[in-house]
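Structure first, then comments.
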2 protein chains.
Amino acid sequence: MGHVTGDGTVGKALAVLDQVAAFGRPVRFSELLAQSDFPKPTLYRFVQTLTNQQMLAYDPDRQTYAPGVRLVRLAHAAWEQSTLAPVARPHVDALSKAVGETVHLAQLDNAQVLYIDKRNAANPVQMYSQAGKVGPAYCTGVGKVMLAFLDDAATEKVIAQQSFHVFTEYTLADADALRHELEEIRAHGYGFDREEHEPGIICIAMPILSEGGRVLGALSVTSTTNRTNLAGLEAYEPVLRETAAKIARDAQNWSFPDYETKEATGI
Amino acid sequence: MGHVTGDGTVGKALAVLDQVAAFGRPVRFSELLAQSDFPKPTLYRFVQTLTNQQMLAYDPDRQTYAPGVRLVRLAHAAWEQSTLAPVARPHVDALSKAVGETVHLAQLDNAQVLYIDKRNAANPVQMYSQAGKVGPAYCTGVGKVMLAFLDDAATEKVIAQQSFHVFTEYTLADADALRHELEEIRAHGYGFDREEHEPGIICIAMPILSEGGRVLGALSVTSTTNRTNLAGLEAYEPVLRETAAKIARDAQNWSFPDYETKEATGI
DNA sequence: AAACCTTGTTCCATTATTTGAAACTTGGTT
DNA sequence: AACCAAGTTTCAAATAATGGAACAAGGTTT
């Protein structure tokens, strides 16, 4: 994995944090060491420091490290301030009510899709997606529509970072197939996921573009091949387009209420 | 917000990150500087580094910094691995269905309550909109029941860190009132929020205790004085107790699968 | 029960990074 | 044009990070 470590000690420590998170399960020091470029004492001290800081949590019974609770606190602030979620929320709610299917709101994070909000259908399909979860850009509806509307240089840079794992028989398996698909998407203004990531799961996706045409994020309505088909999903295109436009408009005007004293939380 | 800065450069950088998060809104460099102990170039470089690392996000139009999206990604890993949420999830779902009121799942983070999951009757699954939010321990149901079952030294340490802001006429306004309440809670095994935090909002709260009696977290069922009263909430005590026990049991047995290599075939 | 691992922890002289007073730039205001 | 506030860069001094080596604690084999 090519890390952009840089940024001195802080960058290195955060690389270690990412490394722990990437395991997806609590991990032992020796496991980290085995795949790390850092010498043992160096890695050891990073892990110690991060644990002290509650960026990692240490389980003494199992002798394992996992990402720590301080991140959950910090992420809440990030979610509210640095994502489309708070602006989009009412519109996503309305969309969800209107279509009665699972709705996703996503942004591009590096070369991946980051899901920042989700509304389940009334009778939800069990799918492996949640806010905070990342997914591949090249084989999801939201990923492709965001790629399609980046500028050429950015698109190519992101394409170069895709790993093109074949999930299903419909997965676009290489950069050229993806480029062709992106052209189609640009022509239509929106895109589909044709069971490219999970069998039986299809979606229609719409980019959220600023006035200047910059990609802010994407919306999708997901369903299954049991319940509907691409033509059925296409019926949602107008409401999706409308919702994306509203979110873009509100994002434009989004301004933070200045200098008011805020009370403690009310959940 | 007494931080343990320590931990060298990394600790200092994370203190800056907390400082930005604490503002609760995008913040200018000069605002950070005004309330910082760091000299200007030092703070400047920390902010630069964190922004490079996407732990902060810079808005060039408004010249402001906010917690960055990388945190949302990391937090998802933390939420799944270092909190009760994944273990508790099915039980919280069931509880929510059974009671038809808002359900909270919380843990203690430093001296504060950290909400890690929530179910609304209307809106089944959302995540960071509420998970990640922190609240005061001394005037919430979940906070008090967790305090009540810590060991004496820990309880006193946490009490010493409470700020005792008076939110309503029912707020427990000092350490002694709180200590008295904690004794009551220990006697009953569960507790209430009697409009102590927000007028009209009441709840019944149950600690989640390990076999050894260690505090793992807390559950609550919240309602309003319009809809019910404390006696009405008390009817939920059995199902709450049952749910807490199930979560504690599952947490005990919670073990992460595989210490095997999954590289059998090329991913 | 001694020798021998594997995993985790500490030491400390060397090396590299961080630090911050001062100076400079930029963009806006008087 | 002069001024001011906010942000950025410089560079020698101060400080913190580094990592080879050695040590400690469990567990396993001979």
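Fair warning: this is a prediction, and the values are worked out from it, not measured in the lab.
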Please produce a list of atom pairs where a protein N or O lies less than 3.5 Å from an N or O of nucleotides 8-13 of chain C.
from, atom 1, to, atom 2, distance (Å)
C:dG8, OP1, A:Arg28, NE, 3.4
C:dG8, OP1, A:Arg28, NH2, 3.1
C:dG8, OP2, A:Ser30, N, 2.9
C:dG8, OP2, A:Ser30, OG, 3.4
C:dG8, N7, A:Lys40, NZ, 2.8
C:dG8, O6, A:Lys40, NZ, 3.1
C:dT9, OP2, A:Tyr44, OH, 3.3
C:dT9, O5', A:Tyr44, OH, 2.7

For this session: Kindly say whether B:Arg62 contributes a backbone atom to a donor-acceptor pair with the side chain of B:Asp59 at under 3.5 angstrom?
Result: yes
Between A:Thr51 and A:Val47 (side chain of the first, backbone of the second, donor and acceptor by atom type, cut-off under 3.5 Å), is there such a pair?
yes
- Look at the side-chain N and O atoms of B:Thr9 and state whether any lies under 4.0 Å from the OP1 or OP2 oxygen of C:dT18. no
Item to complete: Report yes if at least one side-chain N or O of B:Lys12 is closer than 4.0 Å to OP1 or OP2 of C:dT19; otherwise report no.
Response: yes
Just to verify, what does A:Phe167 make a ring-ring contact (aromatic ring centres under 6.0 Å, His included) with, not counting sequence neighbours?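 Partners of A:Phe167 under the ring-ring contact (aromatic ring centres under 6.0 Å, His included) test: A:His165, A:His197.
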Heavy atoms of chain B, cut-off under 4.0 Å: which first and last nucleotide of DNA chain D, 5' to 3', fall inside that, if you could look?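 Listing 5' to 3', DNA chain D meets chain B from D:dA6 to D:dA17.
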Can you sort out the partners of [X] under side chain to side chain donor-acceptor pair (under 3.5 Å), two or more places apart, ordered by chain and number?
X	value
B:Arg70	A:Asp18, B:Gln53
B:Gln54	A:Asn110
A:Gln161	none

Taken to the nearest 0.5 Å, the spacing of A:Leu150 CG from A:Leu108 CG works out to 6.0 Å
* **Aromatic ring proximity, centroids under 6.0 angstrom, A:Phe29 and A:Tyr65** =>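 So the answer is no for these two rings.
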